[in-house]
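Can you read through this structure? Questions will come right after.
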Amino acid sequence: MDEKELNAIFCVLPVAPNPYPEYPSGYGITFNGNPGSENCDRKLVEDKGWNIFVNPEDLINR
């Protein structure tokens with residue numbers, strides 16, 4: 001996906017709920033390998049409380 005397509009997805013992501021104090025936030029996204037991953041607006045994701053994982057395995061091993 002190019003940066004415009006990624007940004008469109010980021011815009012419709014819901015805001016991640018506040019985690020309970022005893023649980024870390026489990027909301028994460030990875031989009032590496034897409035042509036637009038270098039130029040997309042990551043702030044759209046971060047401002048909604050999502051974690052950006054560079055390596056897909058980080059989502060599994062978290």
Side-chain angles (χ1 to χ4, degrees):
M1 290 185 265
D2 66 22
E3 66 186 271
K4 287 173 64 176
E5 293 167 320
L6 288 171
N7 289 341
I9 291 171
F10 301 162
C11 284
V12 297
L13 280 176
V15 173
N18 290 329
Y20 292 102
E22 63 270 17
Y23 299 109
S25 174
Y27 293 88
I29 188 169
T30 185
F31 45 85
N32 58 315
N34 285 287
S37 63
E38 291 298 318
N39 297 317
C40 62
D41 188 354
R42 294 170 181 247
K43 190 154 173 50
L44 293 170
V45 175
E46 294 165 347
D47 286 351
K48 292 183 177 187
W50 288 72
N51 297 304
I52 298 173
F53 296 107
V54 176
N55 298 311
E57 359 5 291
D58 292 341
L59 289 168
I60 298 167
N61 298 322
R62 183 150 199 248

Shortest non-hydrogen contact between Lys48 and Leu13, atoms and distance: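 Residues Lys48 and Leu13, closest heavy atoms: NZ-O, 2.7 Å.
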
Side chain Asp2, main chain Lys4, donor-acceptor under 3.5 Å: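 Yes: the side chain of Asp2 pairs with the backbone of Lys4.
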
Nearest heavy-atom neighbours spanning Gly36 and Leu6: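 Heavy atoms of Gly36 and Leu6 come nearest at C-CD1, 3.6 Å.
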
Main-chain N/O of Asn7 paired to Asp41 side chain as donor or acceptor, under 3.5 Å: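 Side chain of Asp41 to backbone of Asn7: no pair is present.
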
Least distance between heavy atoms, Trp50 atom then Ala16 atom: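 Trp50 and Ala16 have their closest heavy atoms at NE1-N, 4.0 Å.
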
Phe10 and Phe31 aromatic ring geometry - parallel, tilted or perpendicular at 30°/60° bounds: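 Phe31 vs Phe10 ring planes: tilted.
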
Rounded distance (nearest 0.5 Å) linking atom CG of Asn51 with atom CD1 of Ile29: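 Taking CG in Asn51 and CD1 in Ile29, the distance rounds to 11.0 Å.
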
Distance-minimising heavy-atom pair for Phe53 and Gly28: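 Minimum heavy-atom separation between Phe53 and Gly28: CE1-CA, 3.4 Å.
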
Side chains of Ile9 and Met1 in contact at under 4.5 Å (non-hydrogen atoms):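 Sidechains of Met1 and Ile9: in contact.
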
For Cys40 against Ser37, the heavy-atom pair lying closest together: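 Between these two residues, the closest heavy atoms are SG-O, 3.5 Å.
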
